[in-house]
Amino acid sequence: MKVTIADVARLAGVGTTTVSRVINNARNIREETREKVLRAMRELDYYPNLAARSLSRGDTLDASRSRCIGVVLGEDVTQTHTYYSDILETIERELADRQYHVIFSTLSSGPLGNGGKTLQMVHDRIIQAAVIVGQAPRVTLDMFVKEEVPVVLVDAPANVDGIDSIICDNVRGARMMVSHLVGLGHKRIALIRGPREHFFSLDISKGYREGLAEYGLEIDESLIKEGDYHPESGYVAMSSLLQLPKSDWPTAVFANDEMAIGAIRAINERGLKVPGDISVAGFDGIELLMHTQPSLTTIQVPRKSMGRLAVKKLMELFEEGRDGHCFSTSILPVKLIVRESTAVCSQRWEST
């Protein structure tokens, strides 16, 4: 039996008008009341009908005939972030070339949590399919599969049957960077990774450890720090590394591009030079950082290729249907770009 707004009101112990106001994010509702309504909606698995609400407001959207694709920003993803902008712009352009409309959504929005607005669009068939960029909760991915809405996950592994995903060979990229730094004579190589359980952090850590082991170098846990992929956390992590005894300082540091920029600032503030005293390397290939001083050595991620492949996979799903489609994870190669921020190790810390 279909759950109605009256069922939600009954379970929450409020009127249907109050439920409606919560759904529409109206102000002047007590937080306690709002939470009761949201809890009831989750308990009953209730999703407001967006199409009906649009028509009630006089909108002209015809969900059954629209060619709308949802482009969903995953956890911690923003349209303005330098790394993700290339992916998102490519997806939007590729879909526009195929005469599809794009509806952007985020998994952090919506009254239901876990991307309530996105799940509502799936329920109401506002979107025909979706591309999710970045990590998404299991409940969101399961919902797409349950509703049989085609979806492709970009820059994160799906780990769910019935969903295509596109990722880069992050593990190999980290090994490549370690190999580059070891080739320059570095033995004490620090790693500033992201949050412990984030897939990219796990990949980079794996590649880093494998790379050091390949050259018979000991893994010093004191040289592994955690950040959040943003410059300030790179600055804090590098500052922490420079609080070690001088003989234990790293001669090279490896992070994602943005944290690498923060690390360079911390090194400069200490009166040290990059790469003369400490080499710094990144991962992402953000184009702007080829113009910094020094320009950043990095692992280049094919972000535009990821966007193009995502749309290609989606079109294949449309043509083949779920039953005829072979779901898979595509792993794209990365490239080492050597610039000015890495140089031959001076060995100065070991000798003092």
Side-chain angles (χ1 to χ4, degrees), residues 63 66-79 81 83-107 115 117-119 121-123 125-173 198-200 203 284-285 299-335:
S66 64
R67 289 170 58 85
C68 292
I69 305 294
V71 175
V72 183
L73 280 59
E75 298 169 335
D76 302 319
V77 175
T78 62
Q79 284 181 262
H81 192 288
Y83 175 82
Y84 291 108
S85 60
D86 278 345
I87 300 175
L88 295 168
E89 287 173 11
T90 301
I91 291 170
E92 185 175 22
R93 184 173 60 253
E94 291 286 319
L95 288 171
D97 288 346
R98 291 168 172 79
Q99 307 304 310
Y100 284 94
H101 305 290
V102 173
I103 298 179
F104 283 99
S105 177
T106 66
L107 290 180
K117 178 182 175 183
T118 301
L119 300 186
M121 290 194 297
V122 172
H123 270 283
R125 293 299 189 267
I126 298 294
I127 55 175
Q128 287 183 268
V131 179
I132 301 177
V133 179
Q135 285 196 149
R138 180 64 185 257
V139 64
T140 301
L141 301 179
D142 286 342
M143 179 60 67
F144 277 101
V145 174
K146 176 184 174 184
E147 298 288 334
E148 298 187 346
V149 173
V151 62
V152 177
L153 187 61
V154 181
D155 201 39
N159 299 323
V160 173
D161 292 336
I163 293 181
D164 283 312
S165 62
I166 300 166
I167 58 176
C168 289
D169 199 344
N170 300 318
V171 176
R172 182 168 181 272
H198 191 271
F199 84 95
F200 178 75
D203 281 355
D284 286 342
I299 295 294
Q300 187 177 70
V301 175
R303 298 189 299 281
K304 292 181 180 179
S305 295
M306 293 169 72
R308 284 191 291 269
L309 183 57
V311 175
K312 181 176 182 288
K313 287 282 187 182
L314 210 56
M315 296 304 109
E316 289 174 357
L317 256 171
F318 285 159
E319 293 172 6
E320 299 165 0
R322 293 187 64 83
D323 293 337
H325 184 73
C326 181
F327 293 96
S328 64
T329 296
S330 301
I331 304 176
L332 302 188
V334 295
K335 183 179 180 181

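As a basis for the values below, the full set of heavy atoms in this structure was taken, side chains included, without hydrogen atoms, waters or symmetry mates. Here, residue 1 is the first one in the sequence, and each next residue gets the next number. Keep in mind that this is a model prediction, so the values were computed, not measured.
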ask   = Hey, what do you get for NZ (Lys313) to CD (Glu320), rounding to the nearest 0.5 Å?
value = 8.5 Å

Side-chain heavy-atom pair Leu314, Pro150 within 4.5 angstrom cut-off = yes

Spatial distance of atom CZ (Phe104) from atom CG (Leu88) [nearest 0.5 Å] = 5.5 Å

inquiry  = Is it true that, when you exclude Asp97 itself, more than 12 heavy atoms of the residues, nucleotides or ligands shown sit nearer than 6.0 Å to its CG?
reply    = yes

task = Provide the closest heavy-atom pair for Gln135 versus His198 in the form atom of the first, atom of the second, distance.
result = NE2-CD2, 3.5 Å

request  = Measure the CG-OG distance between Leu153 and Ser330 for me, rounded to the nearest 0.5 Å.
outcome  = 11.5 Å

key: Under 3.5 Å: donor-acceptor pair, side chain of Thr140, backbone of Ala136   = no

key: Val145 side chain near Val160 side chain, heavy-atom distance below 4.5 Å   = yes

request  = Please collect all salt bridge (charged side-chain N to carboxylate O under 4.0 Å, His left out) contacts where either partner lies in residues 126-143, sequence neighbours excluded, each pair once.
outcome  = Arg138-Asp142

request  = Kindly give the heavy-atom pair with the smallest separation between Phe199 and Ala156, and that separation in Å.
outcome  = CZ-CA, 3.7 Å

remark   = Heavy-atom nearest pair, Ile166 first then Val152, reads CD1-CG1, 4.0 Å

inquiry  = For Glu316 and Lys312: C-alpha separation, side-chain torsions, deciding distance, then whether salt bridge (charged side-chain N to carboxylate O under 4.0 Å, His left out) applies.
reply    = CA-CA 6 Å; Glu316 289 174 357; Lys312 181 176 182 288; 2.7 Å; yes

remark   = Separation between CZ (Arg303) and CG (Asp284), nearest 0.5 Å, reads 6.5 Å

query = Between Asn159 and Leu141, is any pair of side-chain heavy atoms under 4.5 Å apart?
reply = no

message = So which atom in Asp164 and which in Cys326 form the shortest heavy-atom distance, rounded to 0.1 Å?
response = OD1-O, 4.0 Å

query = Taking it one step at a time, do Leu73 and Tyr84 satisfy side chain to side chain contact (heavy atoms under 4.5 Å, CB included)?
reply = CA-CA 9 Å; Leu73 280 59; Tyr84 291 108; over 6 Å; no

remark   = Here the gap from Leu332 atom CG to Cys168 atom SG, rounded to the nearest 0.5 Å, amounts to 5.0 Å

request  = Compare every heavy atom of Ile127 with every heavy atom of Ile69, then report the nearest pair and how far apart it is.
outcome  = C-CG2, 4.1 Å

query = For the residue pair Gly173 and Ile299, what are the closest heavy atoms and their distance?
reply = O-CD1, 3.4 Å

key: Check: Phe327 and Asp161 side chains under 4.5 Å, non-hydrogen atoms   = no

task = Under the side chain to side chain contact (heavy atoms under 4.5 Å, CB included) rule, what do Ile163 and Ile132 come out as? Steps first, then yes or no, please.
result = CA-CA 11 Å; Ile163 293 181; Ile132 301 177; over 6 Å; no

key: Close side-chain approach of Ile91 and Val133, heavy atoms under 4.5 Å   = yes

key: Test salt bridge (Lys or Arg N to Asp or Glu O under 4.0 Å) applied to Glu147 - qualifying residues, sequence neighbours left out   = Arg125

key: Inter-residue atom distance Glu89.CD - Lys304.NZ, 0.5 Å rounding   = 8.0 Å

query = Can you tell if the side chain of Val154 reaches within under 4.5 Å of the side chain of Leu309, non-hydrogen atoms only?
reply = no

ask   = Within a strict 4.5 Å, meaning less than it, do heavy atoms of the Thr329 and Ile167 side chains meet?
value = yes

query = Judged by atom type as modelled, is there a donor-acceptor pair below 3.5 Å linking the side chain of Asp169 to the main-chain atoms of Ile331?
reply = no

ask   = Does the side chain of Val311 come within less than 4.5 Å of Tyr100's, by heavy atoms?
value = no

